[in-house]
Amino acid sequence: MADFNAMQEALVLCDKDKLIGLVTAALAQNTSASEILNQGLIAGMDIVGAKMENGDMFIPEVLMAAQAMGECVALLKPLLGEGEAQRGGTVIIGTVKGDLHDIGKNLVGMMMESAGLTVHNLGVDIGPEAFVAQIREKNAQIVCLSALLTTTMPMMKLTIDAIVEAGLRDQVKIMIGGAPVTQAFADEIGADGFAPDAGSAARFAKTLGR
Ligand code: B1M
């Protein structure tokens, strides 16, 4: 039986080696990658977030926890796919300007790749003009914007405005997501869709890419 509590605790303690050991042992016991991700890693990161908010954990520790989680996500990556062979559209994905959070965005990109889409991950702190340039360069059909901060959500609207101004709005579907983002916000800023998590984001992108 996988020890999800121990995984959460190791993440909170930033004990990368212990966390990797627990994840590896859980995989060896045939625990599914998505259970490990949701009940171990994401649940642990929620505790980190609460501690950060209360001042019980500080940025350097949160970064260490994020790095430990990133290594475990890389271990899970080959097992998280939905196994669909059919190729979908071309996606560009990035975290909007001013925002450095990338774990969730990377997960969304990975799930989309595994679902058969061609994904170009632009990284973090990506400004509207860079998104516009990358739509042209990659000939993207789907643009995915991620934001984790309430203060960077308005940058999603500015990015969509820039895509409209560049005359590219009709060529692309735009999806947004990230912890503070909602369907109502997506409707308000004229996005084509919102997804609350990486799995549903990949499923939704497949429908947009057709
Ligand atoms: Co930051 N941070 N952080 N942080 N951080 C949050 C987001 C926060 C909620 C913590 C808190 O106070 N409780 C808070 C935001 C408050 C708010 O705005 N409402 C916060 C803050 C305030 C800050 C700073 C301002 C702190 C400071 O400097 N004083 C600062 C900002 C820096 C910046 O970006 N300019 C900051 C910095 C950092 C670190 C750099 C230390 C680090 C990021 C490291 C990294 O990403 N490489 C960090 C971390 C790790 C967090 C928490 C703890 C964890 C985020 C995470 O990775 N979650 C976070 C608290 C929390 O979320 N519980 C917090 C796990 C990840 C799998 O989930 O990213 O939500 P998530 O992604 C999900 C969904 O949202 C969705 O799918 C993913 C997978 O299911 N999703 C999409 C994401 N993008 C999507 C796109 C889609 C669809 C779905 O379509 C396109």
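We count ligands from 1, going down the list as the structure has it; atoms in each ligand are counted the same way. Source: prediction; values computed, not measured.
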Identify the closest protein heavy atom to [atom]: which residue and atom is it, and at what distance?
| atom | result |
| --- | --- |
| atom 49 (C) of ligand 1 | Val62 CG1, 3.5 Å |
| atom 5 (N) of ligand 1 | His101 NE2, 3.1 Å |
| atom 46 (O) of ligand 1 | Asp102 N, 2.8 Å |
| atom 88 (C) of ligand 1 | Ala195 O, 3.4 Å |

Of the listed options ([options]), which comes nearest to [atom] when hydrogens are ignored and any heavy atom counts?
| atom | options | value |
| --- | --- | --- |
| atom 41 (C) of ligand 1 | Val73, Val96, Ile59, Ile176 | Ile59 |
| atom 73 (C) of ligand 1 | Gly109, Gly193, Gly104, Ala186 | Gly104 |
| atom 84 (N) of ligand 1 | Ala147, Ser146, Pro180 | Ser146 |
| atom 17 (C) of ligand 1 | Leu107, Thr150, Asn106 | Thr150 |
| atom 22 (C) of ligand 1 | Asp125, Ile42, Leu149, Val48 | Leu149 |
| atom 53 (C) of ligand 1 | Ser200, Gly49, Ala205 | Gly49 |

- Message: Would Phe58 and Met52 count as a side chain to side chain contact (heavy atoms under 4.5 Å, CB included) here? Give the steps.
- Response: CA-CA 6 Å; Phe58 298 100; Met52 188 179 171; over 6 Å; no
Under 4.0 Å from a heavy atom of [X]: which atoms of ligand 1 are those, numbered in the order shown and with their elements?
| X | answer |
| --- | --- |
| Ala66 | 44 (C) |
| Asp99 | 34 (O) |
| Gly177 | 82 (C), 84 (N), 85 (C), 86 (C), 87 (C), 88 (C), 89 (C), 90 (O), 91 (C) |
| Asp197 | 76 (C), 77 (O), 80 (O) |
| Val108 | 77 (O), 81 (N), 82 (C), 85 (C), 89 (C) |

Return a yes/no value for [X]: is any of its N or O atoms, backbone included, closer than 3.5 angstrom to an N or O of ligand 1?
| X | value |
| --- | --- |
| Gly98 | yes |
| Leu145 | no |
| Lys105 | no |
| Ala198 | yes |

- Does even one non-hydrogen atom of Pro196 get within less than 4.0 Å of ligand 1?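 Under 4.0 Å: yes for Pro196.
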- Message: Tell me whether Thr151 reaches ligand 1 (any heavy atom closer than 4.0 angstrom to a ligand atom).
- Response: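 Thr151 does not count as a contact of ligand 1 under the 4.0 Å cut-off.
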- Query: Among Asp161, Ile174, Leu145, which one satisfies side-chain contact (heavy atoms from CB on, under 4.5 Å) with Met156?
  - Reply: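 By the side-chain contact (heavy atoms from CB on, under 4.5 Å) criterion, Met156 pairs with just one of Asp161, Ile174, Leu145: Leu145.
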- Residue Asn54 excluded, over 12 heavy atoms near CG under 6.0 Å: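 Count over threshold, so yes.
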- Salt bridge Lys77-Glu113, side-chain N to carboxylate O under 4.0 Å: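 The answer is yes: the pair qualifies as a salt bridge.
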- Examine Val143 and Phe204 and state if one hydrophobic cluster contains both, with Ile, Leu, Val, Met, Phe, Trp and Tyr joined whenever side-chain heavy atoms are less than 4.5 Å apart.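 No.
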- Message: Taking 4.0 Å as the limit for heavy-atom contacts, which would you say applies to Ala201 with ligand 1: side chain only, backbone only, both, or neither?
- Response: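 Near ligand 1, Ala201 shows its side chain, while the N, CA, C and O stay back.
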